[in-house]
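Comments concern the structure below.
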Amino acid sequence: MTNMDTFGITDCFEAFISGSECENGKPDPEIFQKAAEAIGQKAENCIVVEDSEAGVKAAKSAKMKCIGYAPEGAIKQDLHQADTVVKEFSDKLIEYIMGNK
């Protein structure tokens, strides 16, 4: 929540689910399934942005679309299962996400 508050984006989200609320960690899809349930959406209507192999596996196991995030200089992760991989966020990417939610 501190990061959300720092960036001023807390109000952009309908719900927050943390790993402490789940019995299983990633790559188990539980956290994403709970998030979809919390906002009243089917998994296939959700998009996940993930920067780890376990997170991408969890998103795909949950039947969600997944954008792999691999910024320059980050520790390399195997994100090949993501629907697409980006190195940076741009207005174009945000428009894509918002148009496909």
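Just so it is clear, the structure is predicted and the values come from calculations on it, not from any experiment. Heads up: numbering here begins at 1 and tracks the sequence. Only heavy atoms go into these numbers, but all of them, side chains included; no hydrogens, no water, no symmetry mates.
With sequence neighbours excluded, no residue satisfies salt bridge (Lys or Arg N to Asp or Glu O under 4.0 Å) with E44.
A continuous path of ILVMFWY side-chain contacts below 4.5 Å connects I9 to F16, so both sit in one hydrophobic cluster. Under the 4.5 Å side-chain contact rule for hydrophobic residues, I67 and F89 share a cluster.
In plain terms, the two heavy atoms of A62 and F32 that are nearest each other are CB-CB, 4.0 Å. Pairing each heavy atom of I17 with each of A38, the nearest pair is CD1-CB, 4.1 Å.
Listed for the E30 side chain is no donor-acceptor partner under 3.5 Å among the backbone atoms of G25.
The side-chain heavy atoms of K26 and E50, taken from C-beta on, include a pair separated by under 4.5 Å. With a 4.5 Å cut-off on side-chain heavy atoms, Y69 and Q77 do not count as touching. Proximity of K65 to C46: side-chain heavy atoms (C-beta onward) are nowhere separated by under 4.5 Å. M64 places none of its side-chain heavy atoms less than 4.5 Å from the side chain of I47. In this structure, the side chains of K60 and C66 come closer than 4.5 Å at one or more pairs of heavy atoms.
Taking OG of S52 as the start and CD1 of I75 as the end, the distance is 11.5 Å to the nearest 0.5 Å.
Under a 4.5 Å side-chain heavy-atom cut-off, the cluster of Ile, Leu, Val, Met, Phe, Trp and Tyr residues that includes V56 is completed by L79, V85.
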Under the criterion salt bridge (charged side-chain N to carboxylate O under 4.0 Å, His left out), I'd like the reasoning laid out for E72 against K87: C-alpha separation, chi angles, the key distance, then a yes or no. CA-CA 6 Å; E72 294 293 330; K87 294 180 189 270; 3.7 Å; yes
Evaluation steps, side-chain contact (heavy atoms from CB on, under 4.5 Å), between E37 and Q33: CA-CA 6 Å; E37 184 179 317; Q33 292 165 335; over 6 Å; no
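Within a 6.0 Å radius of CG in D11, no more than 12 heavy atoms belonging to other residues, nucleotides or ligands are found.
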